[in-house]
Amino acid sequence: NRETGSGGHGKRRSVGAGARRRIAPGITYLEQHIFDPDLSIPTIAACAGISENYFRRQFQTVYGQSPKQYILSQRLLYAKKLLAESMLNY
């Protein structure tokens, strides 16, 4: 059964578990290259061995936002952290 992920056998799984597994290699690459200015969704998807569009849909399922939004938010969080740390050193 697609809705419960149970396959009709009565066991319930997290709906995002399969998506998370499919994009895991891409997420590893993304995390290792988050500050690379040439980081691209096609490259991340290729690392996961899936199409760019499929990667985007699976990422949205798992993280609730687009890969681009996620990358930008992670970079902004890091920048805020650096700014806060530099303000403490004044």
Side-chain angles (χ1 to χ4, degrees):
N1 171 322
R2 186 177 176 150
E3 190 173 306
T4 62
S6 67
H9 295 95
K11 293 182 181 178
R12 294 181 65 87
R13 285 189 324 188
S14 168
V15 175
R20 187 177 302 276
R21 205 170 26 260
R22 284 186 287 279
I23 65 172
I27 299 304
T28 300
Y29 181 85
L30 183 157
E31 289 171 351
Q32 293 171 349
H33 297 88
I34 191 90
F35 299 110
D36 180 347
D38 297 323
L39 181 65
S40 70
I41 308 308
T43 302
I44 298 167
C47 287
I50 56 180
S51 76
E52 179 181 349
N53 287 334
Y54 190 64
F55 178 81
R56 287 178 191 276
R57 288 192 309 271
Q58 297 300 296
F59 191 97
Q60 181 77 37
T61 297
V62 173
Y63 290 94
Q65 59 185 335
S66 74
K68 184 175 181 177
Q69 290 170 322
Y70 178 83
I71 291 166
L72 290 174
S73 68
Q74 293 303 303
R75 289 175 175 172
L76 284 171
L77 284 173
Y78 183 72
K80 283 173 64 176
K81 179 182 171 201
L82 289 179
L83 282 170
E85 288 173 1
S86 69
M87 295 301 235
L88 289 175
N89 293 328
Y90 261 113

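Here the structure is a predicted model, which means the values were calculated and not measured.
- When all heavy atoms of A48 and G26 are compared, the pair lying nearest together is CB-N, 3.8 Å.
- Qualifying side chain to side chain contact (heavy atoms under 4.5 Å, CB included) partners for S66, counting only residues two or more places apart in sequence or in other chains: Q60, K68, Q69.
- As a member of the Ile/Leu/Val/Met/Phe/Trp/Tyr network built from side-chain separations under 4.5 Å, L72 groups with nothing else and remains a singleton.
- Through side-chain heavy atoms spaced under 4.5 Å, either directly or across other Ile, Leu, Val, Met, Phe, Trp or Tyr residues, F35 is tied to I23, I27, Y29, L30, I34, L39, I41, I44, I50, Y54, F55, F59, V62, Y63, Y70, I71, Y78, L82.
- Distance check, rounded to the nearest 0.5 Å: CD of E52 to CZ of R57 gives 11.0 Å.
- Nearest heavy atoms, T43 versus S40: OG1-OG, 2.7 Å.
- Between the NE2 atom in H33 and the SG atom in C47 there is a gap of 7.5 Å [rounded to 0.5 Å].
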